[in-house]
Amino acid sequence: MGSTLLKKVWDLHTVRRLPNGQTQLFIGLHLIHEVTTPQAFDMLRARGWTVRFPERTVGTVDHIVPTRELRRPFSDVMAEDMIAALERNCREAGIRLFDLSSGVQGIVHVIGPELGLTQPGMTIACGDSHTSTHGAFGAVAFGIGTSQVRDVLASQCLALDPLKVRRIRVTGRLARGVYAKDVILDIIRRLGVNGGVGYAYEYAGPAIERMSMDERMTICNMSIEGGARVGYVNPDDVTVSYLRGRRFAPSAEAFETARAWWSSIASDPDAVYDDEVEIDGASIKPTVTWGINPGQSVAVDEPVPSGGAGTAEALEFMGLTGGQPIKGTRIDVAFLGSCTNARLSDLREAARVVRGHQVAKHVTALVVPGSQGVRLAAEREGLDRVFLEAGFEWRGAGCSMCLAMNPDRLQGRQICASSSNRNFKGRQGSPTGRTLLMSPAMVAAAALAGEVVDVRELAHGD
Ligand code: SF4
């Protein structure tokens with residue numbers, strides 16, 4: 001009987017079984033940022049411990065970084081303190097930090113892959129929920145809390161419950177105007193926001209295999225929104241091509257050795273799964289959330305539901321009425337950014353929609369590249385000019401309005417068409433602000449129209 005990638009990687013990294021049934025798992029790569037580390041380092045210091053494997057730890061700054069004005073010290077004292085603490089902690093522990101002057105700073109889940117730090121078969125941890133993104137490479141990647149960050153800093157290990165594996169096969173071909181974001185929103189809508197609790201999601205099938213690494217990252221990024229602890233795609237030629245030549249990927253002969261190993265850790269054809277789900281990719285349409293969790297979504301040509309658990313509360317908060325079309329919902333802000341959808345290919349797709357058109361007069365639209373690397377690459381292609389000429393703001397790299405731990409925030413009851421991953425109440429900085437999650441192309445189309453539209457109906461979306 002064959003094994004899944006999860007089981008192979010898990011077994012290879014198992015230090016020991018703990019008496020409580022958990023596994024002590026060795027973590028190959030620990031990614032850190034400014035928000036979840038100051039306390040963890042303080043706890044370490046209080047116990048007189050040091051960082052066990054500084055060379056397996058890499059830091060960057062993302063959540064609290066202003067995207068308009070980077071002059072230090074930041075006017076937000078708390079933000080300045082957090083960054084200064086990370087800088088100090090990394091310096092003292094000998095940890096590599098990609099800071100604002102590095103030229104490669106960005107959202108931790110964007111720069112890990114971009115730099116080739118994220119590789120197949122690794123175990124990865126980061127004090128951020130969306131660490132599942134790295135699973136796109138066939139890594140087993142966990143989002144962890146502050147006390148677990150302390151544990152990994154001190155021991156390079158985590159105590160974890162074993163996981164079941166659900167294979168989600170997406171068959172067929174995606175239609176024009178349908179993107180990875182629509183696929184993952186559709187999966188979460190079908191299986192529910194708690195459907196993946198206790199599971200790792202293995203994404204497979206022809207529609208997934210045809211996806212670029214950027215698209216696979218979008219899918220894996222939102223695994224956590226479906227309740228799954230991790231999400232992954234088996235490594236293949238697409239993965240190998242992406243990694244070749246990246247700064248921290250193995251080079252020359254070592255790359256060929258690594259490549260053979262990466263192939264060996266993919267799930268075996270006869271692997272047995274705890275659960276299997278099959279979805280016809282051709283049936284997926286551009287999808288938009290109408291509620292207050294990522295599972296509350298509809299296809300853009302469907303009406304908002306009027307019944308079901310939690311619907312009344314969500315409709316009231318969103319100011320929507322059951323049965324009304326989601327299409328035509330007026331927006332105030334368009335946010336193109338986040339670790340879900342702010343990679344170069346996302347910006348290209350959005351720019352394709354935007355080129356030669358104007359943002360609606362009542363809409364504030366911003367593009368926030370996921371990293372300084374993405375920003376530079378986009379500028380080399382002239383994408384910044386496309387967005388600026390259309391009336392978008394072109395910002396520096398960071399988390400920005402995904403979480404609004406920085407100056408980028410919704411005001412009052414504004415509605416935001418957003419390429420991010422969470423539409424929880426207050427997520428974008430205003431307790432009454434409202435979020436509609438959708439693909440970058442749909443965000444771009446909504447910015448131009450000033451309301452939710454179907455990107456498939458735009459001639460210039462071709
Ligand atoms: S972009 Fe959003 S989800 Fe991603 S790491 Fe930043 S705050 Fe978290």
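These values consider heavy atoms only, across backbone and side chains, with no hydrogens, waters or symmetry-generated copies. Atoms within each ligand, like the ligands themselves, are counted from 1 in listed order.
- Residue contacts with ligand 1: D128 is included, with a non-hydrogen atom under 4.0 Å away.
- Ranking protein heavy atoms by distance to atom 4 (Fe) of ligand 1, first place goes to C339 SG, 2.3 Å.
- Interface atoms of ligand 1 facing N421, defined by a heavy-atom separation under 4.0 Å, are 3 (S).
- Within the 2.8 Å limit, C402 places no N, O or S atom next to atom 6 (Fe) of ligand 1.
- In this model, no donor atom of one side chain and acceptor atom of the other lie less than 3.5 Å apart for Q39 and T146.
- Proximity of V108 to ligand 1, defined as any heavy-atom pair under 4.0 Å, is not found for any part of the residue.
- Atom 6 (Fe) of ligand 1 has C399 SG, 2.3 Å as its closest protein atom, hydrogens excluded (heavy atom only).
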Check step by step if salt bridge (charged side-chain N to carboxylate O under 4.0 Å, His left out) holds for K181 and D346.
CA-CA 10 Å; K181 181 61 154 290; D346 298 315; over 6 Å; no

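- D332 places a side-chain N or O within 3.5 Å of a backbone atom of I415 that can act as its donor or acceptor partner.
- Every atom of ligand 1 with a heavy atom of L403 under 4.0 Å away is listed here by number and element: 7 (S).
- Relative to the six-membered ring of F74, R72 meets both conditions, a distance below 6.0 Å and an angle of at most 45° to the axis.
- At a 4.0 Å heavy-atom cut-off, ligand 1 touches H63 through the side chain alone.
- A side-chain hydrogen bond (donor to acceptor under 3.5 Å, both in side chains) with R216 holds for exactly one of T133, N221, D236; it is D236.
- Each of the following atoms of ligand 1 lies closer than 4.0 Å to a heavy atom of H130: 3 (S).
- In this structure, the side chain of T218 engages the main chain of D214 through a donor-acceptor pair within 3.5 Å.
- At least one heavy atom of R427 sits closer than 4.0 Å to an atom of ligand 1.
- Between atom CE of residue M438 and atom SG of residue C416 there is a gap of 8.0 Å, rounded to the nearest 0.5 Å.
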